[in-house]
There are 2 protein chains.
Amino acid sequence: MVTGYSSDTMDTKSERAYGKEVVAQYNVYLKGCPARLVFDRLADKWSLLIVGILRREPRRFNQLRREIDGISQKALSQTLQKLERDGLVNRNAFPTVPVTVEYSLTDLGKTLSELIEPLVSWAENHIEQVLRSQHRYDEQRTE
Amino acid sequence: MVTGYSSDTMDTKSERAYGKEVVAQYNVYLKGCPARLVFDRLADKWSLLIVGILRREPRRFNQLRREIDGISQKALSQTLQKLERDGLVNRNAFPTVPVTVEYSLTDLGKTLSELIEPLVSWAENHIEQVLRSQHRYDEQRTE
DNA sequence: CAGAATCCGTGAGGATACTG
DNA sequence: CAGTATCCTCACGGATTCTG
């Protein structure tokens, strides 16, 4: 049961070759495809950062809030719910006073986090090259 | 020249350990850090999809438009400009009639695309697991 | 073909206040 | 501590039109 999701242009693209193999199943480049929805979730800075930071060890809510500089508690709360719904993150509430809630990666989430860590490293390692390129680009426009 | 970018909470976090090694340089988890800006660019669905699709071979503008289902030409145009500014994508215009413009990855862009391909695969391979998790989650709420 | 320019709606996200 | 509930805005992106 692979077909069936709605896409207005699907008929022309559902069997487009990806590389050399034909991936008929799911394709992130198709508008209506579920894989695209998942990909959109990945392409969210808060999701990526949260999964990336949970990679090491579980965290509590306000701990995440502090460690991910700039995130609002609303965004954090919403993103965590989405991630839990997607099965990427576990939410464990301990009946202490006051309540303690711990977030951790599921097995599925761990497989994803493996891919995110390189992205984090890439950003940190290639930032200077990017900045130089931006300067060059901007100067050519103003001259 | 690593310090100097503005972050209201930098003083407390600029030397936070990432894993076991201290990454004092750049840190995507810091609000004002340039690496965060780059990371935000990565965490953009169109950027990821474009870089992912350019991985195979260069494409022309309307080719990209057709292959990336659902993108508007405005979004495509703007994203391509950002990617060019960041030094990830080359823009080559050939003086044909009408003009032909070809987009390709730079060397830097290629290093990034290596990391994106696994993300695409992950989305396509784990989508069913994610969908099942979503159903379970939703049913628990409605019961 | 490959865009630039304009108008416009909407919804994601910040700020703030409140709760168990 | 770990959230929920409102309000509000503003910027991103879609639709449309025009151009070299």
Side-chain angles (χ1 to χ4, degrees), chain A residues 6-9 29 31-32 36-37 39-50 53-54 58-86 89-104 137 140-141, chain B residues 7-9 31-32 36-37 39-50 53-54 58-86 89-104 137 140-141:
Chain A
S6 67
S7 171
D8 41 6
T9 55
Y29 291 103
K31 190 175 171 184
R36 173 71 155 267
L37 301 179
F39 198 74
D40 289 354
R41 176 73 31 89
L42 301 189
D44 172 63
K45 63 174 175 176
W46 297 136
S47 295
L48 283 181
L49 287 173
I50 289 174
I53 213 171
L54 283 179
R59 314 276 165 130
R60 288 176 293 104
F61 187 84
N62 281 325
Q63 220 173 348
L64 285 170
R65 194 155 139 56
R66 263 174 275 121
E67 296 198 65
I68 302 175
D69 195 18
I71 195 172
S72 69
Q73 80 278 52
K74 182 184 179 180
L76 178 56
S77 173
Q78 288 178 341
T79 307
L80 284 172
Q81 282 182 29
K82 291 180 194 169
L83 292 174
E84 190 193 355
R85 192 175 104 100
D86 290 348
V89 159
N90 281 321
R91 194 195 110 112
N92 277 16
F94 301 97
T96 55
V97 182
V99 60
T100 300
V101 180
E102 198 177 78
Y103 292 93
S104 56
Y137 185 92
Q140 282 193 341
R141 306 274 148 165
Chain B
S7 171
D8 40 9
T9 54
K31 191 175 171 184
R36 171 74 153 266
L37 301 179
F39 198 74
D40 289 354
R41 176 74 29 92
L42 302 189
D44 173 62
K45 62 173 175 178
W46 297 136
S47 296
L48 283 181
L49 286 174
I50 290 174
I53 212 170
L54 283 180
R59 316 273 165 131
R60 287 176 295 103
F61 187 84
N62 281 325
Q63 221 173 348
L64 285 170
R65 192 155 140 56
R66 263 174 275 120
E67 296 199 65
I68 302 176
D69 194 18
I71 194 172
S72 69
Q73 82 277 54
K74 183 185 178 180
L76 178 57
S77 172
Q78 287 177 342
T79 307
L80 284 171
Q81 282 182 28
K82 289 179 196 169
L83 291 174
E84 190 194 356
R85 191 175 103 102
D86 289 348
V89 159
N90 281 323
R91 195 193 109 113
N92 276 16
F94 301 98
T96 56
V97 180
V99 62
T100 299
V101 180
E102 198 176 79
Y103 291 93
S104 57
Y137 185 92
Q140 281 193 338
R141 305 275 148 168

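Reckoned from all heavy atoms, side chains included, excluding hydrogens, waters and symmetry mates. All chains are named by letter (A, B, ...) in the order of the sequence lines, taking the proteins before the strands, and each is independently numbered beginning at 1.
Counting any heavy atom pair closer than 4.0 Å across all strands shown, A/F94 reaches no nucleic acid atom. Among the protein residues, A/E102 comes within range of no part of the nucleic acid, since none of its heavy atoms lies under 4.0 Å from any strand. Among the protein residues, B/Q63 comes within range of no part of the nucleic acid, since none of its heavy atoms lies under 4.0 Å from any strand. Counting non-hydrogen atoms under 4.0 angstrom, A/Q73 reaches a base of the nucleic acid.
Going from atom CG of B/D69 over to atom P of D/dG13 covers 17 Å, rounded to whole Å. One can place CD of A/Q81 at 8 Å from P of D/dG3, the figure rounded to the nearest angstrom. Between the CG atom of B/D40 and the C1' atom of D/dA11 there is a distance of 15 Å, given to the nearest Å. As a whole-Å value, the separation of B/R59 CZ from C/dC1 P is 16 Å. Look at NZ on B/K31: it is 10 Å from C1' on C/dG14, rounded to the nearest Å. A/L64 places its CG atom 13 Å from the P atom of D/dC1, with the value rounded to the nearest Å. The NZ atom of B/K82 sits 7 Å away from the P atom of D/dC12 (whole-angstrom rounding). The distance from atom CD1 of B/I68 to atom P of C/dA2 is 14 Å, rounded to the nearest whole Å.
Of the possible polar contacts, one joining the A/Y29 side chain to the B/L49 backbone as a donor-acceptor pair under 3.5 Å is found. In this structure a side-chain-to-backbone donor-acceptor pair under 3.5 Å is present from A/R36 to B/D69. Side chain of B/R59 to backbone of B/E67: no donor-acceptor contact under 3.5 angstrom is found.
If B/R60 and B/K74 are placed on DNA chain C by their nearest nucleotide, the residue sitting closer to the 5' end is B/R60. Mapping A/N62 and B/A75 onto DNA chain D via the closest heavy atom, the residue that lands nearer the 5' end is A/N62. Each of A/Q78 and A/P98 lies near DNA chain C, and the nucleotide nearest A/Q78 is the one positioned closer to the 5' end. Nearer to the 5' terminus of DNA chain D, by closest-nucleotide assignment, is the contact made by A/R91 (compared with the other of B/I71 and A/R91).
Side-chain atoms of A/L54 and A/L64, non-hydrogen and from C-beta on, do get closer than 4.5 Å to each other. Within the 4.5 Å cutoff, side-chain heavy atoms of A/L80 are placed close to those of A/F61.
Phosphate proximity of C/dC1 to B/T96: absent, as no side-chain N or O sits under 4.0 Å from OP1 or OP2. Phosphate proximity of C/dA4 to B/S77: present, with a side-chain N or O under 4.0 Å from OP1 or OP2. In this structure, A/Y103 reaches the D/dG3 phosphate: one of its side-chain N or O atoms is under 4.0 Å from OP1 or OP2.
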